[in-house]
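Naming: A, B, ... by sequence-line order, numbering from 1 per chain.
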Protein chains: 2
Amino acid sequence: MDPIGPRLKTLRSHHGLSQRQLARKSGVSNATISLIEHGRTDPSMGLLKRILDAMGVSFADFFAAENRPPEKFFFASDELSVISSGPISFRQVGSDLSDSQLQLLHERYQPGADTGRSMLSHDAEEGGIILQGRLEVTVGDQVRVLSAGDAYLFNSRLPHRFRNTGSEDCVLVTVCTPPSF
Amino acid sequence: MDPIGPRLKTLRSHHGLSQRQLARKSGVSNATISLIEHGRTDPSMGLLKRILDAMGVSFADFFAAENRPPEKFFFASDELSVISSGPISFRQVGSDLSDSQLQLLHERYQPGADTGRSMLSHDAEEGGIILQGRLEVTVGDQVRVLSAGDAYLFNSRLPHRFRNTGSEDCVLVTVCTPPSF
DNA sequence: AGCAATTGTTTAATTTAATAAACGATTCAA
DNA sequence: TTGAATCGTTTATTAAATTAAACAATTGCT
């Protein structure tokens with residue numbers, strides 16, 4: 001496993017707590033916290049949970065991300081990578097999302113553009129906000145035409161479809177977690 | 001967290017393994033596996049990891065929160081819930097995100113609006129695309145002024161700040177996973 | 001200066017987890 | 001009906017985590 005000691009230490013300092021303060025809040029001895037942070041002991045799950053609880057962090061949160069921060073934070077408009085062209089164009093924020101949990105896209109649907117029905121098996125979640133034009137969105141057995149300012153949010157396991165039934169381009173910002181491609 | 005014993009037991013049977021088979025694969029005694037499944041012992045992290053490794057399951061997977069799909073998928077423009085008003089206004093897609101991994105916002109910064117420095121302790125990731133106006137974004141020790149079409153993407157653990165240094169409103173779509181509030 | 005209250009670390013003692021081995025209960029084959 | 005092999009559980013022993021207490025170093029207050 002990866003060193004949880006340093007992770008715990010930075011988490012503690014981010015909360016502005018000393019080893020002894022955290023020890024009091026969690027009911028764990030300060031010695032144990034020191035030993036864990038230095039990797040000199042293999043803490044039990046129950047003990048680790050008491051420590052994380054004291055800082056309001058769940059196991060899911062703590063183990064969720066071993067993803068290092070991306071070195072590139074800002075993207076000029078012309079730096080957005082074009083993923084696909086044709087009747088539907090995607091402009092993605094960031095080029096390599098292998099370390100990222102977030103896929104942010106600027107999309108444009110030409111009149112008549114249609115994704116077709118897609119059923120994604122992986123457990124993801126996606127949403128979007130319409131900026132311009134109209135878009136017909138199908139999720140499960142529900143269908144709705146959204147226009148500028150409207151939005152959607154659903155679990156990607158559900159079958160879904162996007163279609164521009166209007167006569168003008170439809171522009172929207174979408175997001176997916178984790179990235180779908 | 002919830003009792004890991006029953007969860008581990010169902011995971012094991014789902015993999016078609018007996019206690020002893022799993023014991024051999026993981027290098028852990030079968031007695032220990034029985035004790036864990038019955039909650040009669042508090043396993044150490046290293047031990048639990050060996051068991052999960054034998055089944056190809058990561059901590060993140062094991063503790064990943066089971067998120068049920070939201071029953072509401074579509075949101076009309078005037079249904080976006082206004083989270084905060086003042087110099088910065090947030091319009092959020094969805095009202096209750098407790099089951100969601102995705103927080104999608106339509107934001108408007110008035111001239112001079114400033115979030116101040118914020119250091120979030122939870123491990124999240126956030127991004128956004130500028131639609132209108134200009135916004136000064138600070139991440140770590142980097143600063144950049146973004147304008148329409150530009151974007152950002154970073155890990156929320158890093159200290160960051162948003163500021164509208166221009167003379168007109170700045171409009172953007174942002175996303176955060178998991179939700180920050 | 002000094003005293004008091006912190007900080008993080010280390011060590012001996014204690015509590016607890018982890019193992020090896022035995023247990024009774026099944027199943028299947030001879 | 002045996003015997004062998006498996007299953008999950010329980011117990012005595014061993015190994016390791018956890019603690020309490022003392023350690024040296026630092027900070028702030030008088």
Judged by atom type as modelled, is there a donor-acceptor pair below 3.5 Å linking the side chain of [X] to the main-chain atoms of [Y]?
{"X": "B:D42", "Y": "A:S44", "result": "no"}
{"X": "B:N30", "Y": "B:Q19", "result": "no"}
{"X": "B:N164", "Y": "B:A113", "result": "no"}

Practice prompt. Please identify each residue that fulfils ring-ring contact (aromatic ring centres under 6.0 Å, His included) with A:Y109, with sequence neighbours left out.
Written response: none
Distance-only donor-acceptor pairs under 3.5 Å for side chains of residues 128-137 of chain A, two or more places apart:
unit_1, atom_1, unit_2, atom_2, d
A:E136, OE1, A:R163, NE, 3.0
A:E136, OE1, A:R163, NH2, 3.1
A:E136, OE2, A:R163, NH2, 3.2

Worksheet item: Once you round it to whole Å, what is the distance between C1' of C:dT16 and CG of B:L47?
Response: 14 Å
Worksheet item: So what is the end-to-end bend of the helix from C:dC3-D:dG28 to C:dC23-D:dG8, with 5 pairs used at each end and the value given to 10 degrees?
Response: 30°
Discussion item. Regarding A:I33, tell me which of base, sugar-phosphate or nothing describes its non-hydrogen contacts under 4.0 Å with the strands shown.
Written reply: nothing
Practice prompt. Nearest-nucleotide wise, let me know which of B:R24 and B:D42 is further upstream toward the 5' end of DNA chain D.
Written response: B:R24
Check: protein-nucleotides 9-13 of chain C nitrogen or oxygen pairs below 3.5 Å:
unit_1, atom_1, unit_2, atom_2, d
C:dT9, OP1, A:H38, NE2, 2.4
C:dT9, OP2, A:Q19, NE2, 2.9
C:dT9, OP2, A:S34, OG, 3.0
C:dT9, OP2, A:H38, NE2, 3.3
C:dT9, O4, A:N30, ND2, 3.1

Worksheet item: Does a side-chain N or O from B:T41 land closer than 4.0 Å to OP1 or OP2 of C:dA18, or not?
Response: yes
Worksheet item: Mind checking what makes salt bridge (Lys or Arg N to Asp or Glu O under 4.0 Å) contact with B:E107, not counting sequence neighbours?
Response: none
Give, for atom [atom1] of [X] and atom [atom2] of [Y], the distance between the pair rounded to the nearest 0.5 Å.
{"X": "A:I33", "Y": "A:S18", "atom1": "CD1", "atom2": "OG", "value": "8.5 Å"}
{"X": "B:L52", "Y": "B:I4", "atom1": "CG", "atom2": "CD1", "value": "8.0 Å"}
{"X": "B:I36", "Y": "B:I51", "atom1": "CD1", "atom2": "CD1", "value": "4.0 Å"}

Discussion item. Parallel, tilted or perpendicular: which one describes the rings of B:Y152 and B:F162, with boundaries at 30° and 60°?
Written reply: tilted
Response to the item:
Under a 4.0 Å heavy-atom criterion, DNA chain D is touched by chain B from D:dC7 to D:dT10
